[in-house]
Amino acid sequence: MVELYDPFDPAVHQDPYPVYEVLRERCPLYRAENSNTWVLSRYSDVEAALLDVGTYSSARGIFPTRSAVDMTELFLPMMIMMDPPRHTEMRSLVSRVFTARRIAGLAATVHEAADELVEPFADLAGCDFVQDFAGPLPAMVIADLLGVPRSDRDQFRIWSSTLVQANPLLDMAGPGLAAAASLYDYFAEFLTDRRRRPREDLISALVQAEVNGERLTEEELLGFCLLLLVAGHETTTNLLGNSAVVLAEHPEARRRMAEDATLIAPAVEELLRYDSPVQGLSRTLTREVRLHGQTMIEGATVLLLFGSANRDERAFPSADVFDIDRKPDHQVAFGRGIHFCLGAALARMEAAAALATILRRWPDWDVDLAAATRLRSGPVRGYASIPITWTRTPVDASARGNR
């Protein structure tokens with residue numbers, strides 16, 4: 001049977017938004033049999049489920065899968081796959097060291113890294129935007145945040161890129177899980193070193209952090225390292241890749257941003273809404289739920305489509321229009337409630353810094369979508385490759401706002 005919506009369908013990956021519109025209007029609670037999941041697509045339903053953590057549990061995994069695998073058996077403990085009270089305790093502990101001040105302190109590093117990455121292309125007319133810029137930049141930033149030595153950066157980047165561009169839920173013996181295993185081994189040695197010789201980095205702070213006299217376990221520390229790497233790398237890489245394509249399709253908005261850098265941060269919010277890098281996450285029901293005339297049994301999986309919620313006309317008038325003057329403060333690209341993405345501020349800052357760097361050098365660009373390669377990773381939306389070309393007509397710095 002041909003399904004209306006399948007999160008693993010390549011056609012959906014290419015352009016899910018027309019399907020989302022049909023779901024919202026005709027099937028706001030849809031049963032995707034091939035993926036063994038229910039699907040919620042309207043903004044109000046997605047938001048309500050995100051806030052009702054007592055009913056919609058994260059403890060049995062957050063991605064849909066066609067197999068019966070338990071995601072919690074694949075990876076070490078991550079707070080994104082925890083419910084209260086342990087989630088509350090762990091988030092409280094991690095939040096004490098993953099602070100807004102620490103994120104703000106990375107701003108100069110992000111700008112420097114972005115400049116370093118684009119410098120080799122100063123005299124060229126193009127590159128692969130994902131492979132040469134959008135992929136390496138977040139890996140460099142996360143490496144610096146964690147305290148990974150520069151000498152290990154290349155290997156670290158290979159592992160992280162392999163992990164985020166693979167889908168271990170579809171390939172149980174594939175390169176993604178092998179990369180995860182290598183990263184676990186690396187971070188285990190890393191943690192041992194930081195216990196002996198603490199430094200001014202996030203890992204040292206996490207190793208020493210306490211809440212009510214309790215510290216993170218070794219497994220929880222390793223799980224957080226991997227979570228930060230995957231979430232911090234993948235979300236930002238896909239946000240940047242999607243942004244390059246959207247802004248190529250909207251040259252007037254792009255040129256306004258190039259001429260006035262104060263428009264970049266608000267535009268990032270609209271980019272998050274318009275083409276969300278994470279299109280949805282799953283939950284497991286702790287009780288029977290009746291919604292839209294149908295009944296979902298206890299233990300059922302429910303996919304919450306952030307990407308559809310962010311295009312819901314009920315929440316965002318003219319939702320299919322990309323508008324950098326919009327103020328989509330209630331968009332759900334980073335979730336909502338207790339599982340709101342801990343790295344949201346970092347992703348926003350990185351995206352704004354990266355776009356400022358590109359717009360300063362090359363305010364006009366085109367992408368070759370016919371040659372671009374989409375990720376095939378369930379509800380994660382992004383590109384593995386985007387050929388991009390530009391014209392070298394930088395905007396005069398005096399015409400722009402502060403970087």
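Keep in mind that the numbers below use all heavy atoms, side chains included, and drop hydrogens, waters and symmetry copies. Please read these numbers as outputs of a predicted model, since none were measured by experiment.
- Defined by atom type and a distance below 3.5 Å, a donor-acceptor pair is present between the side-chain atoms of Asp128 and Ser385.
- By the side-chain hydrogen bond (donor to acceptor under 3.5 Å, both in side chains) test, Thr286 is found to be paired with no residue, residues two or more places apart in sequence or in another chain being considered.
- Proximity of a side-chain donor or acceptor of Arg254 to a complementary backbone N or O of Pro363 within less than 3.5 Å is detected.
- How far OG of Ser243 is from CD of Glu270: 10.5 Å, rounded to the nearest 0.5 Å.
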(request) Could you go through the side chain to side chain contact (heavy atoms under 4.5 Å, CB included) check for Phe187 and Leu146 one step at a time? (result) CA-CA 10 Å; Phe187 282 128; Leu146 292 173; 3.7 Å; yes

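- Under a 3.5 Å cut-off, the side chain of Arg374 and the backbone N or O of Gly382 do form a donor-acceptor pair.
- In the model, Tyr186 has a side-chain atom that pairs as donor or acceptor with a side-chain atom of Asp152 under 3.5 Å.
- You'll find the side chain of Leu355 reaches within 4.5 Å of the side chain of Leu271, heavy atoms only.
- Taken to the nearest 0.5 Å, the CD atom of Glu350 stands 8.5 Å off from the CD1 atom of Ile103.
- For an aromatic pair to be called close, the ring centres must be under 6.0 Å apart, and Trp390 with Trp362 satisfies this.
- How far CD of Gln208 is from CG of Leu216: 12.5 Å, rounded to the nearest 0.5 Å.
- The nearest pair of heavy atoms linking Leu342 to Phe98 is O-CE2, 3.1 Å.
- Test Val380, Leu240, Leu272 against Pro277 for side chain to side chain contact (heavy atoms under 4.5 Å, CB included) and you get one pass: Leu272.
- For the residue pair Arg287/Thr55, the side-chain donor-acceptor check at 3.5 Å is satisfied.
- Under 3.5 Å, the side chains of Arg314 and Ser44 contain no donor-acceptor pair of N or O atoms.
- Checking side-chain atoms of Ser58 against main-chain N and O of Met81 turns up no donor-acceptor pair under 3.5 Å.
- Tested against Glu220, the residues Arg86, Arg91, Arg215 include a single salt bridge (Lys or Arg N to Asp or Glu O under 4.0 Å) partner, Arg86.
- With salt bridges taken as basic N to acidic carboxylate O contacts below 4.0 Å, one links Arg195 and Glu218.
- Residues Glu219 and Met78 are not in side-chain contact: their nearest non-hydrogen atoms beyond the backbone lie 4.5 Å or more apart.
- Taking CG of Leu281 as the reference point, atom CG of Leu50 lies at 8.5 Å (rounded to 0.5 Å).
- Panel note: side chain Asn242, backbone Arg381; a donor-acceptor pair is recorded below 3.5 Å.
- Looking at Phe133 and Ile358, their side chains come closer than 4.5 Å, going by heavy atoms from C-beta outward.
- Between Phe190 and Ile203, the shortest heavy-atom contact is CE2-CG1, 3.7 Å.
- Of all heavy-atom pairs spanning Leu369 and Tyr383, the tightest one is CD2-OH, 3.8 Å.
- In this structure, a donor-acceptor pair under 3.5 Å is present between the side chains of Asp201 and Ser204.
- For the pair Gln155 and Ile158, the minimum side-chain heavy-atom distance is below 4.5 Å.
- Salt-bridge annotation for Asp325 and Arg256: present, with a side-chain N of the basic residue lying under 4.0 Å from a carboxylate O of the acidic one.
- Under the 6.0 Å distance and 45° angle rule, Arg326 does not count as a cation-pi partner of Phe316.
- In plain terms, the two heavy atoms of Pro16 and Gln279 that are nearest each other are CG-OE1, 3.7 Å.
- Asn34 and Glu3 make their closest contact through N-OE2, 3.1 Å (heavy atoms, listed as atom of the first residue, atom of the second, distance).
- Between the side chains of Arg290 and Thr295, at least one donor N or O lies within less than 3.5 Å of an accepting N or O.
- No side-chain donor from either of Thr301 and Arg283 sits under 3.5 Å from a side-chain acceptor of the other.
- At least one side-chain heavy atom of Ile142 sits under 4.5 Å from a side-chain heavy atom of Leu346.
- Within the 4.5 Å cutoff, no side-chain heavy atoms of Trp38 are placed close to those of Leu303.
- Of the possible polar contacts, one joining the Thr357 side chain to the Ala353 backbone as a donor-acceptor pair under 3.5 Å is found.
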(message) Please evaluate residues Gln294 and Met296 with respect to the criterion side chain to side chain contact (heavy atoms under 4.5 Å, CB included), reporting the C-alpha separation (whole Å), side-chain torsions for both, the decisive distance (0.1 Å), and the verdict.
(response) CA-CA 7 Å; Gln294 300 184 81; Met296 299 182 286; 6.0 Å; no

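- Remark: of the listed residues Asp83, Asp52, Val302, Leu285, Asp83 is the sole one forming a side chain to side chain contact (heavy atoms under 4.5 Å, CB included) with Ser57.
- Ile324 and Ala267 make their closest contact through CG2-CB, 3.8 Å (heavy atoms, listed as atom of the first residue, atom of the second, distance).
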(request) Please lay out, stage by stage, how Arg102 and Leu145 fare under the test side chain to side chain contact (heavy atoms under 4.5 Å, CB included). (result) CA-CA 9 Å; Arg102 189 181 295 273; Leu145 178 63; 3.9 Å; yes

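- In this structure, a donor-acceptor pair under 3.5 Å is absent between the side chains of Gln331 and Tyr43.
- Of the possible polar contacts, none joining the Thr109 side chain to the Gly105 backbone as a donor-acceptor pair under 3.5 Å is found.
- Under the 3.5 Å distance criterion, with hydrogens and angles disregarded, a donor-acceptor pair is assigned to the side chains of Asp6 and Ser35.
- No donor-acceptor distance shorter than 3.5 angstrom exists from the side chain of Glu269 to the backbone of Lys327, with no hydrogens or angles considered.
- Within the 4.5 Å cutoff, no side-chain heavy atoms of Met257 are placed close to those of Thr262.
- The backbone N or O of Cys27 lies less than 3.5 Å from no partner atom in the side chain of His292, so there is not a single donor-acceptor pair.
- With 3.5 Å as the limit, one finds no donor-acceptor pair spanning the side chains of Tyr17 and Arg311.
- A donor-acceptor pair is defined here as one N or O able to donate and one able to accept, closer than 3.5 Å; such a pair exists between the side chain of Arg273 and the backbone of Asn310.
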(request) Any chance you could lay out the side chain to side chain contact (heavy atoms under 4.5 Å, CB included) test for Leu359 and Trp365, step after step, and finish with the verdict? (result) CA-CA 9 Å; Leu359 288 164; Trp365 68 73; 3.7 Å; yes

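- In this structure, the separation between OG on Ser318 and CG on Asp323 is 8.5 Å, given to the nearest 0.5 Å.
- For the atom pair NE2 (His233) and CG (Leu137), the distance works out to 9.0 Å, reported to the nearest 0.5 Å.
- With a 4.5 Å cut-off on side-chain heavy atoms, Leu29 and Val39 do not count as touching.
- The backbone N or O of Pro7 lies less than 3.5 Å from a partner atom in the side chain of His13, making a donor-acceptor pair.
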